[in-house]
There are 2 protein chains.
Amino acid sequence: MFSIGQLSSKVGVKVPTIRYYESIGLIDPPHRSEGNQRRYEPEVLDRLTFIRHARDLGLSIDAIKDLLILNANPDMPCDEAHLIANQHLKDLARKITQLQQLSLELTRITQNCDSDTVGHCKVLEALGDHSTCKSDH
Amino acid sequence: MFSIGQLSSKVGVKVPTIRYYESIGLIDPPHRSEGNQRRYEPEVLDRLTFIRHARDLGLSIDAIKDLLILNANPDMPCDEAHLIANQHLKDLARKITQLQQLSLELTRITQNCDSDTVGHCKVLEALGDHSTCKSDH
DNA sequence: TGTAATTGCTCTAGTGACTAGAGGTTCAAG
DNA sequence: CTTGAACCTCTAGTCACTAGAGCAATTACA
Ligand SMILES: [Zn+2]
Ligand SMILES: [Zn+2]
Ligand SMILES: [Zn+2]
Ligand SMILES: [Zn+2]
């Protein structure tokens, strides 16, 4: 039996976050002490660890909800889990590509100014003007 | 004199977003028609175009506020503008690196399963267990 | 001039995934 | 038995919008 603070330090999820996860139905409400404090059984450790790691990998709460449902049914096919992971991988790739484009554009922009004052600053000019950009964004 | 809808289509910023920008003080409240509708002078075009492009490049509203203040003082040194842009560039680089790590990790994870059922799914196992990961996240 | 379609107005609430704070209660150690 | 840490609930704030309700003004066309 853990208090919420002990659970928190064991899995590395902050106390308010654990309560938040309970409030959105991601983890079950635990039993309470006589004084109404949360008391967790050891089983919650696995679930919360899973949630923590999946969040660290960037998966959304909704995706994690689905994965947890799957996890609870060992006889189901695991295609759907693969699908969710692959979808997230695609999302990541898209995001990375876009950020790289922005980075390139901004690198170009920031290397352009040989003025000292705002009036002729090429950086400010380029920030306000898409026409000199090489890519869409 | 533009209506908010005309301004919106000219600069590619949605009508509610323009009103939102006004509400947070990013653009000045324009004059109103007799019927209380917003009527914009042409000067707002530049400002809103600047905002739009800077947002597209990923800059925060706060950063844009600072840049707009600079923009209004042509005699000031432009170091601060460079600083803001460079800071954003750093943020971008950090974000990209992190997403690339996640992507690598997830690629590894998703290529690991030769099971058909959830019970022995390596993907689900790896999602819940950081100990097999090659990087921090 | 009549009327209908479009555009505009304000206000509130919702998004995602938490985080911060107020104001109070319970627990564990000494 | 006292003290201080940890816990409780509830509300509101974060960021940059977006959606919707319910109504008013404008514009286009007949
Ligand atoms: Zn400059
Ligand atoms: Zn551009
Ligand atoms: Zn599998
Ligand atoms: Zn990991």
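So that the names make sense, note that chain A is the first sequence line, chain B the second, and so on, each numbered from 1. Owing to the predicted nature of the structure, the values given are computational and were not obtained by experimental measurement.
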Spacing of [X] atom [atom1] relative to [N] atom [atom2], expressed in whole Å:
X	N	atom1	atom2	answer
Arg52(A)	dC18(C)	CZ	C1'	14 Å
Lys14(B)	dG8(C)	NZ	P	15 Å
Gln37(A)	dG24(C)	CD	C1'	12 Å
Leu7(B)	dC9(C)	CG	P	11 Å
Arg39(B)	dG8(C)	CZ	P	8 Å
Phe2(B)	dG8(C)	CZ	P	13 Å

- prompt: Does NZ belonging to Lys95(A) count more than 12 external heavy atoms closer than 6.0 Å?
  reply: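 No, not enclosed.
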query: Above 12 or not: heavy atoms from other molecules or residues under 6.0 Å from CD of Glu22(B)?
result: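 More than 12 heavy atoms, drawn from other residues, nucleotides or ligands, come within 6.0 Å of this atom.
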query: Toward the 5' end of DNA chain D, which comes first, Ile61(B) or Ser33(B), by nearest nucleotide?
result: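 Nearest-nucleotide comparison on DNA chain D picks Ile61(B).
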query: In terms of the nearest nucleotide of DNA chain D, which residue is placed more toward the 5' end: Arg55(B) or Glu34(B)?
result: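 Result: Arg55(B).
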- request: Could you verify whether a donor N or O on one side chain and an acceptor N or O on the other, from Ser131(A) and Asp129(A), lie under 3.5 Å apart?
  value: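 The answer is yes; a qualifying pair exists.
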Closest listed nucleotide, where the reference is the side chain of [X] and the choices are [options]:
X	options	answer
Arg32(B)	dT10(C), dA17(C), dT7(C)	dT10(C)
Ile4(B)	dT10(C), dC18(C), dG8(C)	dG8(C)
Asn36(B)	dT19(C), dA17(C), dC9(C)	dC9(C)

Under 3.5 Å, side chain of [X] to main-chain N/O of [Y], donor-acceptor pair present?
X	Y	answer
Ser23(A)	Tyr20(A)	yes
Thr110(A)	Leu106(A)	yes
Glu105(A)	Ser135(A)	yes

message: Both Arg38(B) and Thr17(A) contact DNA chain C. Taking the nearest nucleotide for each, which residue is further toward the 5' end?
response: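 Mapping each residue to its closest nucleotide by heavy atoms, the 5'-most match is Arg38(B).
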- request: Walking along DNA chain D from 5' to 3', note the first and the last nucleotide with an atom under 4.0 Å from a heavy atom of chain B, and give both.
  value: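 On DNA chain D, the outermost contacted nucleotides are dA16(D) to dT26(D).
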- prompt: Do the side-chain N or O atoms of Arg19(B) get closer than 4.0 angstrom to the phosphate oxygens (OP1, OP2) of dC9(C)?
  reply: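 It does, given that an N or O in the side chain of Arg19(B) lies less than 4.0 Å from OP1 or OP2 of dC9(C).
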task: Measure up the His137(A) and His130(A) rings against each other and bin them: parallel (under 30°), tilted (30 to 60°), perpendicular (over 60°).
output: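 His137(A) and His130(A): perpendicular rings.
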